[in-house]
Number of protein chains: 2
Amino acid sequence: MKIKLCYTGGMTEHASETDSPHHAPVPLAECALARAIRAIGDGWTLLILREALCGVERFDAMHDDLGIPRSVLAERLSKLVAEGILEQRPYREPGRRQRNGYGLTEKGRALTPALVALREWSEAHLPGGPSRLRLQTQDGQEVTTRLTRADGSSLDDLSEIVAVAKPE
Amino acid sequence: MKIKLCYTGGMTEHASETDSPHHAPVPLAECALARAIRAIGDGWTLLILREALCGVERFDAMHDDLGIPRSVLAERLSKLVAEGILEQRPYREPGRRQRNGYGLTEKGRALTPALVALREWSEAHLPGGPSRLRLQTQDGQEVTTRLTRADGSSLDDLSEIVAVAKPE
DNA sequence: CATCTGAGTCCATTTTTCATACCCAAAATA
DNA sequence: TATTTTGGGTATGAAAAATGGACTCAGATG
């Protein structure tokens with residue numbers, strides 16, 4: 001996946017109402033969502049973040065859980081560390097040499113809402129039976145996401161949402 | 001990325017408190033989040049969903065916006081249609097032959113919260129300047145996500161969240 | 001009829017992933 | 001001290017996927 005950040009941007013003169021109601025041609029370089037996708041939008045990377053969210057810190061544990069090739073795991077971990085999403089966490093088991101695991105930084109933990117939303121979507125719309133992974137508060141309440149407007153009111157009808165391009 | 005759904009599952013006898021506090025070894029097959037990642041956790045797929053959320057329906061428009069190879073775009077679109085996330089939307093411009101675009105189904109639109117959360121994370125934690133893509137209500141209010149507990153109260157401290165494996 | 005256009009398909013080349021084997025440092029064992 | 005063991009990686013060749021460009025197809029237009 002080699003995203004070119006050249007983008008013809010801007011409405012061309014023949015853009016018309018035959019286009020969809022709200023085509024917002026925001027160049028990829030100026031789109032926060034696109035940047036997030038470039039940072040973590042990869043199957044293995046997302047699965048590694050799931051492991052991290054579940055508290056799995058060790059290379060071999062991730063390797064065993066995911067069945068990911070070791071070279072790919074090493075490469076993704078170092079990329080996530082370089083991006084500040086994971087950090088190395090040296091640890092030592094008694095009678096064993098010091099090693100380093102990987103844990104979420106604050107930046108990485110801030111991805112929780114996105115992962116919770118993805119999990120919710122999956123539960124509601126994908127087949128596969130109930131999930132055994134629960135994301136909950138320490139007192140056992142399930143955590144979910146809710147869309148809200150700027151004024152704080154909650155937004156239930158997705159068709160109310162439009163994507164628009166801010167003028168430069 | 002070839003996920004093997006064999007997973008050694010279950011705590012082994014030497015699992016101990018040297019593991020992270022809440023290691024929840026839920027097999028990938030029984031994890032809703034993992035299923036979501038398998039369905040849409042791919043860079044191009046996510047960028048295509050961004051296009052769809054922005055109302056871009058046409059093959060060539062997506063191709064131009066993203067710079068994605070045509071063969072990859074065709075393959076991803078047909079996969080998304082097969083999964084019921086996108087649907088073909090036949091349309092005809094005046095004086096042109098009928099063609100089909102692609103639009104979000106209800107299932108696809110239900111991914112909006114996840115994409116909004118991802119966008120929020122990017123704005124807050126990735127460099128790159130302000131985003132020009134806004135997701136807002138028709139009356140111009142920005143849409144954001146909020147984590148909530150089952151009782152409806154909102155949850156601001158991410159460290160309150162734990163991942164646990166439901167017993168089978 | 002010849003041409004144009006959007007929406008793909010086909011194909012040769014390059015890149016990434018996969019699976020397996022191998023390596024390294026320090027602790028444990030002898 | 002020499003040897004083994006083990007977690008945490010690297011190296012390597014084969015397989016799969018992405019890339020970019022050419023090609024195709026159907027129908028509208030001139």
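Sequence lines set the chain letters: A, B, ... in the order given, protein chains first and strands last, and positions in each chain run from 1. Below, each value reflects all heavy atoms present in this structure, side chains not excepted, and no hydrogens, waters or symmetry copies.
Rounding to whole angstrom units, CH2 of residue B/Trp44 and C1' of C/dT16 are separated by 15 Å. Here the C1' atom of nucleotide C/dG8 and the CG atom of B/Leu80 are 16 Å apart, to the nearest Å. One interatomic measurement links the two molecules: OH of A/Tyr91 to C1' of C/dA26, which rounds to 13 Å at whole-angstrom precision. Nucleotide C/dG6 holds its P atom 15 Å from the OH atom of B/Tyr102, rounded to whole Å. In this entry the distance linking NE2 of A/His63 with P of C/dA21 reads 13 Å, nearest Å. When rounded to the nearest whole Å, the span between CE of A/Met1 and C1' of D/dG20 equals 17 Å. Rounded to whole angstrom, the span from the CG atom of B/Asp42 across to the P atom of C/dT16 amounts to 14 Å. Here D/dT10 presents its P atom at 13 Å from CG of A/Asp60, a figure rounded to the nearest Å.
B/Lys2 has no side-chain polar atom (N or O) that falls below the 4.0 Å cut-off from OP1 or OP2 of D/dA15. Contact annotation: B/Arg76 reaches the phosphate of D/dA18 (side-chain N/O to OP1 or OP2, under 4.0 Å). Distances shown here put every side-chain N or O of A/Arg92 at or beyond 4.0 Å from the OP1 or OP2 atom of C/dA26.
With C/dG6, D/dT6, D/dA22 as the choices, the nucleotide that has an atom nearest any side-chain atom of A/Arg99 turns out to be D/dT6. Considering only side-chain atoms of B/Val72, the nucleotide from D/dT19, C/dA19, D/dT10 that sits closest is D/dT19. Of all nucleotides listed (D/dG9, C/dC10, C/dC18), C/dC10 comes nearest to the side chain of B/Ser71.
For A/Arg58 against D/dG8, no side-chain N or O and base N or O form a donor-acceptor pair under 3.5 Å. A/Arg70 contributes no side-chain N or O that forms a donor-acceptor pair with the base of C/dA19 under 3.5 Å.
Both B/Glu75 and A/Gly101 lie close to DNA chain D; mapped to their nearest nucleotides by heavy-atom distance, the more 5′-ward contact belongs to A/Gly101.
Under a 4.0 Å N-O distance rule, the pair A/Lys79/A/Glu83 does not qualify as a salt bridge. Salt bridge A/Arg70/A/Asp60: present, at least one basic N to carboxylate O contact under 4.0 Å. Between B/Asp139 and A/Arg149, none of the side-chain N atoms (NZ, or NE/NH1/NH2) sits under 4.0 Å from a carboxylate O, so this pair counts as no salt bridge. Between A/Arg119 and A/Glu123 there is a salt bridge, with a side-chain nitrogen of the basic residue lying less than 4.0 Å from a carboxylate oxygen of the acidic one. In summary, B/Arg146 and B/Asp156 do not engage in a salt bridge, as defined by a charged side-chain N under 4.0 Å from a carboxylate O.
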